[in-house]
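Worksheet: the structure to be examined is printed underneath.
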Amino acid sequence: MSLSSETRIALAAASARLLGRRVPLFVQIMPTERCNLRCRYCYAEFGPRRRPDFPIAPLLRLVDGLSRLGARVIMVAGGEPLLYPDLGRLVDRIVGHGIICSVNTNGITLPARIGEVAKADMLSISLDGPKPLHDGYRGEGTYDKVRAAIRLAREKGMRVQIQFTLTRDLIEAFRHVDGVA
């Protein structure tokens with residue numbers, strides 16, 4: 001019998017609590033600050049930064065250490081993690097330890113990298129509303145690319161979570177989520 005991700009997390013949390021252990025149940029790793037979009041509302045200004053990506057060897061050691069500590073979920077985020085050249089190796093290492101892996105992406109380059117993230121337990125893909133609103137925030141043509149990425153991931157049997165940034169504009173258009181889910 002296979003347990004759901006939610007059940008595995010709950011059991012790990014309960015076990016840590018019962019044993020009095022402090023465990024990093026959820027960890028977010030940001031291997032790159034680069035981003036391929038310039039979203040109107042983004043406060044992070046990842047795109048203009050010119051810091052190099054985090055080297056893969058220390059990240060793999062970090063995942064090994066987090067596994068020994070009992071981490072249960074690692075979200076790979078960024079910038080845009082699909083721009084990180086060693087993303088496939090990172091996902092493989094996380095999943096190889098039995099840790100739940102989520103990749104947080106804007107989805108734009110997903111078709112080219114789907115094979116590298118196929119083992120992830122979940123893709124969290126940004127969709128900021130109906131087409132005019134999404135494209136207005138993230139750039140012309142991004143809505144169609146994101147919708148195609150969501151369809152592709154689902155066709156590959158991946159679990160997809162849609163995320164969005166709640167803005168004044170989106171409050172009025174909140175129903176867009178029903179049409180995608």
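Residue numbers start at 1 and run along the sequence shown.
Counted by atom type alone, S126 and N106 present zero donor-acceptor pairs between their side chains at under 3.5 Å. Side chains of E80 and T105: a donor on one and an acceptor on the other come within 3.5 Å.
With values rounded to the nearest 0.5 angstrom, E155 atom CD is found 12.0 Å from I150 atom CD1. I29 contributes atom CD1, which lies 11.5 Å from atom CE of M75 (distance to the nearest 0.5 angstrom). Separation of atoms CZ (F26) and CD1 (I100) is listed at 10.5 Å; rounding is to 0.5 Å. Atom CD1 of I162 is separated from atom CG of L123 by 11.5 Å, given to the nearest 0.5 angstrom. Residue E33 holds its CD atom at 9.0 Å from CG of D53, rounded to the nearest 0.5 Å. Once rounded to the nearest 0.5 Å, the distance linking OG1 of T142 with CG of L37 reads 6.5 Å.
Looking at residues two or more places apart in sequence or on another chain, you find a side chain to side chain contact (heavy atoms under 4.5 Å, CB included) between D64 and R68, R93, H97. Remark: Y137 engages Y41 in a ring pair (Phe, Tyr, Trp, His ring centres under 6.0 Å) (not counting sequence neighbours).
Between I94 and C101, the closest heavy-atom pair is CG2-CB, 3.6 Å. Heavy-atom minimum distance, L59 versus P31: CD1-CB, 3.6 Å. What you find for G129 and H134 is that their closest heavy atoms are O-CB, 3.7 Å. Between N36 and L83 the shortest heavy-atom distance is N-CD1, 3.6 Å. The shortest non-hydrogen separation linking Q161 to S124 is NE2-OG, 3.0 Å. Nearest approach of G107 to A149, heavy atoms of both residues: O-CB, 3.3 Å.
Under the 4.5 Å side-chain criterion, counting only non-hydrogen atoms from C-beta, V27 is not in contact with L62. Between L127 and R147, the closest side-chain pair of non-hydrogen atoms falls below 4.5 Å. In this structure, K145 and L110 have side chains that are not in contact, with every pair of non-hydrogen atoms separated by 4.5 Å or more.
Residue pairs meeting the salt bridge (charged side-chain N to carboxylate O under 4.0 Å, His left out) criterion with at least one member in residues 99-115, sequence neighbours excluded, are R113-E116.
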*Between R138 and V146, is a side-chain contact (heavy atoms from CB on, under 4.5 Å) present by the stated rule, with each step listed?*
CA-CA 11 Å; R138 292 184 179 258; V146 169; 5.9 Å; no
*Walk me through it: do I56 and Y84 pass the test side-chain contact (heavy atoms from CB on, under 4.5 Å)?*
CA-CA 10 Å; I56 188 63; Y84 185 66; 3.7 Å; yes
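V117 is not connected to M122 by any chain of hydrophobic side-chain contacts under 4.5 Å among Ile, Leu, Val, Met, Phe, Trp and Tyr, and they are in different clusters.
Remark: R159 does not engage D121 in a salt bridge, criterion side-chain N to carboxylate O under 4.0 Å.
Judged purely by atom type and a 3.5 angstrom limit, D128 has no side-chain atom pairing as donor or acceptor with the backbone of F164.
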